[in-house]
4 protein chains.
Amino acid sequence: MAGRPRSEVARKAILRAALDLCARDGYQNVTMKGIAEAAGSGRQTVYRWWQTKAQVLLESLTGIMAEDLPPTPDSGDPRADLVAFLEQTFTLARGVAGQIVVGLMADAQSDAALAAELREKIIGPRRDALRAVLARGALPPDVDLELAVDVVFGVMWYRLLNRHAEVNVDLAEEIAGLLGRIR
Amino acid sequence: MAGRPRSEVARKAILRAALDLCARDGYQNVTMKGIAEAAGSGRQTVYRWWQTKAQVLLESLTGIMAEDLPPTPDSGDPRADLVAFLEQTFTLARGVAGQIVVGLMADAQSDAALAAELREKIIGPRRDALRAVLARGALPPDVDLELAVDVVFGVMWYRLLNRHAEVNVDLAEEIAGLLGRIR
Amino acid sequence: MAGRPRSEVARKAILRAALDLCARDGYQNVTMKGIAEAAGSGRQTVYRWWQTKAQVLLESLTGIMAEDLPPTPDSGDPRADLVAFLEQTFTLARGVAGQIVVGLMADAQSDAALAAELREKIIGPRRDALRAVLARGALPPDVDLELAVDVVFGVMWYRLLNRHAEVNVDLAEEIAGLLGRIR
Amino acid sequence: MAGRPRSEVARKAILRAALDLCARDGYQNVTMKGIAEAAGSGRQTVYRWWQTKAQVLLESLTGIMAEDLPPTPDSGDPRADLVAFLEQTFTLARGVAGQIVVGLMADAQSDAALAAELREKIIGPRRDALRAVLARGALPPDVDLELAVDVVFGVMWYRLLNRHAEVNVDLAEEIAGLLGRIR
DNA sequence: TGTTAAACGAGACGGTACGTCCCGTCTTCTA
DNA sequence: TAGAAGACGGGACGTACCGTCTCGTTTAACA
């Protein structure tokens with residue numbers, strides 16, 4: 001037989017609450033108990049659908065990224081496309097999404113399953129997208145694209161984590177400039 | 001009056017235990033209670049000298065780095081020096097030290113004081129060292145050294161965190177190669 | 001409209017399951033959820049017809065007692081009748097029925113409605129029956145029958161609960177003997 | 001080494017809180033969480049010294065009984081001694097102590113260890129005391145004292161549980177009267 | 001050379017989040 | 001409309017670790 005269907009209201013309230021708490025208290029200080037209370041749901045309802053706060057926030061993050069990261073149109077100017085792509089990415093990274101993805105990455109250090117899921121759902125697709133933009137001609141054809149992707153996202157991650165410098169439009173231009181000097 | 005002086009034996013046992021637990025269980029699963037028990041010391045003895053497990057492990061890490069990171073001698077070949085420096089750095093990063101520094105960085109996301117201390121004692125000095133090695137001539141003189149440092153350590157951090165690729169000698173060579181193509 | 005009639009199959013399955021679970025796990029460990037699952041019925045079906053597990057088991061118990069407690073025939077020997085009545089009662093009390101009635105009594109301590117229902121449907125009728133048997137001449141006519149009933153069932157309850165001694169034929173004889181010595 | 005000694009303050013607060021909650025909400029509705037909160041102590045502090053609420057309340061009850069049940073002096077009149085003993089016992093049984101002992105007995109039905117402890121610490125000693133009082137001459141010497149004890153306490157328990165009649169001085173007199181008629 | 005005060009181990013303290021279980025209610029589909 | 005299924009909000013369970021506290025026991029500098 002059928003049984004009561006999953007409540008879409010509860011699902012959204014939980015994802016929303018997780019997001020809000022993360023913005024207010026920081027990823028590390030979010031708890032499953034806190035999420036359930038903020039969402040006005042029972043604890044079991046959260047655990048029924050997600051095993052950890054990381055999984056809740058991963059789904060929240062997936063939602064944000066689906067909304068706020070439209071594909072970069074091909075303008076014909078490879079460098080302009082790269083800058084546009086980076087601007088878009090960096091804007092998102094400076095907000096809650098950045099906080100979440102950094103927190104997820106931290107948790108993933110001691111949770112192999114989460115690490116795999118994070119690579120598959122978040123990191124991998126963004127790498128694919130960047131690779132495609134770089135392949136439009138921003139680099140000499142014999143440069144290893146994987147390394148180039150590592151360089152670009154590496155700088156972003158390093159600054160997001162260490163906060164020794166901003167992750168903004170200037171950085172996008174600087175990166176594009178540096179890559180443009182590669183012969 | 002004087003009072004009993006701090007026990008050097010306890011101090012070393014605690015730093016050692018923290019390191020061992022981190023190697024065995026991973027940074028996130030280390031607890032102050034566990035450190036004290038593994039060190040055969042009282043809980044209060046740990047709290048008396050360090051406020052958090054992050055501070056204990058930061059001191060452990062400082063010790064490791066002082067031992068295992070001698071300055072890179074100037075061989076006259078800028079690229080070879082860079083590769084040597086990176087090899088040394090990457091070797092350390094693949095071990096417990098990498099696990100610790102990643103964990104500390106994760107905690108630093110929600111602890112500004114730790115973040116500052118981490119930048120000052122670990123990240124900053126390594127940036128200085130890399131900047132000095134790069135300044136030996138591995139790059140055109142008008143390339144922004146700060147950005148270059150970000151690129152190099154960015155790739156390392158990104159791979160350490162995301163584990164989509166190794167952080168080894170090959171990477172050192174590839175990075176040196178890429179930087180060498182900048183005109 | 002008429003609507004679907006109550007399922008006699010479900011009703012019996014639930015009463016049966018409650019009994020079985022009580023025999024297997026003990027009264028205290030029986031749950032409404034467990035009863036529904038064991039009966040292969042929905043939880044709501046149980047709650048629709050009974051409010052608590054106590055009510056389910058009260059009905060189960062009523063069924064057992066209606067089956068297993070035929071009236072004691074008047075043999076002409078008051079003492080023999082008393083012993084026969086007690087044997088019958090004690091046999092039932094040593095089985096699941098005893099476990100249930102003890103559990104119900106325990107729950108009734110914090111549930112006045114259950115207490116009333118228990119007195120009305122179980123305890124009261126048995127008191128009536130015992131009073132009638134005693135009135136056949138086992139006691140001097142000026143002995144307070146209510147107190148005599150309390151004595152007989154009191155001993156039974158006390159032993160059922162505290163288990164410091166058996167509730168068996170010997171006890172029936174001993175009680176009859178003691179009452180017989182009252183002048 | 002030594003370690004911080006157990007807090008007598010916390011111990012008493014917990015026993016007191018358990019007692020108060022039992023008086024206010026009834027035995028069944030007392031919870032370990034509630035006890036800890038009412039005592040202003042941590043949950044772990046309760047669990048460190050008692051495994052279940054039954055054990056907490058058993059200790060509370062032991063305390064009450066030690067205070068409120070002085071030995072019955074031998075007046076030379078066996079029947080008067082019995083009545084005095086029962087009055088004292090019944091008075092206690094009508095209060096919180098009665099509620100607790102009934103609740104404990106209920107729990108003991110599904111907890112053999114508790115049952116044994118209850119018999120050893122509460123039921124047994126009271127049986128011993130009653131037996132001693134009865135042995136002063138309230139009964140013919142060939143009456144089985146164990147059965148007599150069962151009769152007296154049986155009536156009390158039966159009425160405490162079923163509440164079909166009071167457990168008061170009148171009952172004490174009636175019981176003494178009935179036992180006095182045994183030849 | 002004995003005094004003394006701080007550091008030491010041990011471990012109990014009040015708290016809080018964990019993940020699980022059951023409660024009694026509700027919302028769906030099926031018969 | 002009853003029934004099977006099962007999700008819902010709620011709350012107690014027993015555990016782990018938090019950071020603090022209070023013991024008795026060292027231990028080295030000072031008197």
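Chain A is the first sequence line, chain B the second, and so forth, proteins listed ahead of strands; every chain is numbered from 1. Side-chain atoms are counted along with the backbone in the values below, which use heavy atoms only and exclude waters and symmetry mates.
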Tell me whether [X] contacts the main-chain N or O of [Y] through its side chain, where contact means a donor paired with an acceptor under 3.5 Å.
X	Y	value
B:Gln99	B:Gly95	no
C:Lys53	C:Tyr27	yes
D:Gln109	C:Leu161	yes
C:Lys121	C:Thr62	no
B:Glu59	B:Gln55	no
A:Arg43	A:Ala36	no
B:Thr45	B:Ser41	no
B:Gln28	A:Ala106	yes

Distance check needed: [N] [atom2] versus [X] [atom1], whole Å only.
X	N	atom1	atom2	result
D:Asp25	F:dA12	CG	C1'	14 Å
C:Ile35	F:dA4	CD1	P	14 Å
C:Glu8	F:dA2	CD	P	15 Å
B:Arg11	E:dA6	CZ	P	22 Å
C:Asp111	E:dG24	CG	C1'	15 Å
A:Arg6	E:dT28	CZ	C1'	16 Å

With distance as the sole criterion, do the side chain of A:Arg4 and the base of E:dC26 form a donor-acceptor contact below 3.5 Å?
yes

Looking at F:dC8, I'd like to know if its phosphate oxygens (OP1 or OP2) sit under 4.0 Å from a side-chain N or O belonging to A:Trp49.
yes

Going 5' to 3' through nucleotides 14-19 of chain E and flagging B where a protein heavy-atom sits under 4.0 Å of the base, S where only the sugar-phosphate is that close, and - otherwise, we get B--BBB

For D:Ile122 and D:Leu61 the tightest heavy-atom approach is CD1-CD2, 3.8 Å

Name every residue in residues 100-110 of chain A that has at least one heavy atom under 4.0 Å from any atom of DNA chain F, in order of residue number, or write none if there are no such residues.
none

